[in-house]
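The structure appears right after this line, and notes come after that.
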Amino acid sequence: MRRAGGALALAGLLIGVLSACGGPAGAEDGGDTVTLRVGATGWQREEALLKFAHLDDTPYQVRWSLFQGGDKQLEAVRAGALDAASSSEIPPVFAAADGKPNFKVVAVQRGNTLNQEVVAPKGSDVTSIAQLKGKKVGYVKNTTAHYFLYELLKRAGLGWDDITAAPLEPDKALAALNGGSIDAFAGYGNAIIAARQQGARPIGDGADILSGNFLWSASDDTLGSAAERDALADLLARIDKAYAYVRDGHEKEFAKVVAAATHQPVEDALEELAEGEAQRRTEVQVVTAKATASEQEVADAFEELGALKQPLKVSTFWTDRLTSPLRKALSS
């Protein structure tokens with residue numbers, strides 16, 4: 001994990017990169033308007049969703065920034081360049097592994113676990129996870145891909161050392177897969193959609209391995225302000241209501257938005273949207289003991305793998321400080 005100097009260097013880099021996204025959350029230009037800097041992965045789905053559902057007229061400012069993964073969002077939160085991040089259960093585990101997290105998990109967004117796959121390139125003879133023994137496999141480190149790849153290997157009677165594991169960012173992994181420098185790739189979201197479009201075939205997936213819990217985390221500074229807590233609770237409730245709006249007969253129209261952003265046919269986007277909601281309805285919930293226990297299982301698995309050097313108690317970076325305003329916002 002990063003030492004203090006590295007964190008400060010990252011903070012300077014991220015703040016420079018995200019300078020267009022405004023300064024720290026709080027009053028802008030001496031006024032009373034709260035500004036929340038919020039992360040997104042793959043594409044700015046939540047921003048587009050709120051606009052589509054006509055719920056983007058917030059009484060506070062939201063500055064969205066795009067990242068390749070939830071792990072990068074948590075790095076930005078830790079560096080002071082984001083106020084809130086969305087991720088799977090895995091990134092907060094690694095972001096807190098140094099024992100000094102300056103963020104807390106504040107809400108759970110239930111969602112589908114589709115497009116979380118291990119794929120082999122077009123023309124490959126590899127058709128199963130068991131055939132990965134001795135092969136070079138790309139994966140996105142400290143993400144769902146890292147976790148479900150490990151679990152799939154165990155199910156196939158293999159260990160992490162039975163493959164040559166190559167940590168790669170999604171775009172680089174796609175290039176490596178198409179160029180033949182890796183034999184398979186464990187990834188998610190747009191990267192898997194793109195891989196399939198280029199002829200890759202799934203040989204395993206995380207659909208029944210992952211919990212479907214996607215976590216919203218906020219910086220300690222954000223949680224220290226009542227106005228910012230209320231704004232974040234309102235934002236999450238709007239996201240929940242926007243998904244309900246899509247389900248209420250607007251799937252086809254929203255599929256056009258998704259298709260344009262992910263560069264796939266509208267019919268494919270609509271099918272994925274329908275299948276995803278059928279598997280698990282997308283909705284925002286307050287934190288619970290059950291959800292905390294689910295992430296603890298993930299942390300324990302990474303300790304078993306050796307990716308965590310010491311046991312981690314995840315309840316130390318979960319909080320119910322957003323529960324009251326979030327419940328109120330969800331019910332309004």
Side-chain angles (χ1 to χ4, degrees), residues 40-45 66-73 75 87-88 90-91 94 111-210 214 258-265 267-269 271-272 275-276 301-302 305 307:
T41 292
W43 64 286
Q44 290 172 206
R45 184 185 186 94
L66 193 61
F67 295 81
Q68 288 204 33
D71 56 328
K72 302 302 182 185
Q73 289 188 49
E75 286 184 11
S87 72
S88 71
I90 289 83
F94 288 93
N112 76 76
T113 52
L114 305 183
N115 288 329
Q116 304 264 357
E117 297 177 350
V118 182
V119 295
K122 183 179 181 179
S124 173
D125 294 331
V126 176
T127 59
S128 70
I129 297 296
Q131 290 176 296
L132 293 179
K133 185 173 183 178
K135 303 292 187 181
K136 188 173 183 179
V137 183
Y139 70 103
V140 190
K141 188 176 181 181
N142 299 351
T143 67
T144 51
H146 194 165
Y147 179 61
F148 70 71
L149 175 59
Y150 172 59
E151 293 294 329
L152 285 171
L153 289 170
K154 284 201 302 182
R155 290 184 179 186
L158 301 178
W160 195 254
D161 292 339
D162 287 317
I163 64 171
T164 300
L168 294 168
E169 295 299 329
D171 55 347
K172 293 181 180 178
L174 278 176
L177 189 72
N178 293 327
S181 59
I182 57 175
D183 299 295
F185 166 52
Y188 47 78
N190 286 358
I192 291 300
I193 292 172
R196 283 179 174 179
Q197 290 174 339
Q198 294 160 8
R201 302 184 321 276
I203 60 172
D205 64 67
D208 66 345
I209 292 173
L210 302 170
F214 296 90
V258 175
T262 56
H263 309 292
Q264 61 177 317
E267 56 269 25
D268 289 354
E271 181 180 7
E272 288 175 4
E275 289 178 351
F302 277 113
L305 173 59

Would you say the side chain of [Y] lies within less than 4.5 Å of the side chain of [X], judging by non-hydrogen atoms?
X: Gln264; Y: Val258; value: yes
X: Phe214; Y: Ser87; value: no
X: Asp268; Y: Ile193; value: no
X: Thr113; Y: Thr144; value: no
X: Asn115; Y: Arg196; value: yes
X: Gln68; Y: Pro170; value: yes

Considering all heavy atoms, the nearest [X]-[Y] contact:
X: Asn112; Y: Gly276; answer: CB-O, 3.3 Å
X: Tyr139; Y: Ala165; answer: CE2-CB, 3.6 Å
X: Ala184; Y: Leu132; answer: CB-CD2, 3.7 Å
X: Ala307; Y: His146; answer: CB-CE1, 4.4 Å
X: Ile203; Y: Ala120; answer: CG2-CB, 4.1 Å
X: Gly69; Y: Thr41; answer: C-OG1, 3.4 Å

Quick one: does [X]'s side chain have a donor or acceptor within less than 3.5 Å of a partner on [Y]'s backbone?
X: Arg201; Y: Ser124; answer: yes
X: Glu151; Y: Tyr147; answer: no
X: Gln73; Y: Pro91; answer: no
X: Asp183; Y: Lys136; answer: yes

| Between Phe302 and Phe94, is the ring centre distance below 6.0 Å? | yes
Could you give the side-chain donor-acceptor pairs of residues 154-164 under 3.5 Å, partners two or more places apart or in another chain?
from, atom 1, to, atom 2, distance (Å)
Lys154, NZ, Glu304, OE2, 3.1
Arg155, NH1, Asp208, OD1, 3.3
Asp162, OD2, Gly159, N, 2.7

| request: Going by the side chain to side chain contact (heavy atoms under 4.5 Å, CB included) test, name the single residue among Val126, Ile182, Leu149, Leu168 that passes it with Val137. | output: Leu149
| task | Kindly compute the distance separating CG (Asp71) from CD (Glu169), expressed to the nearest 0.5 Å. | result | 6.5 Å
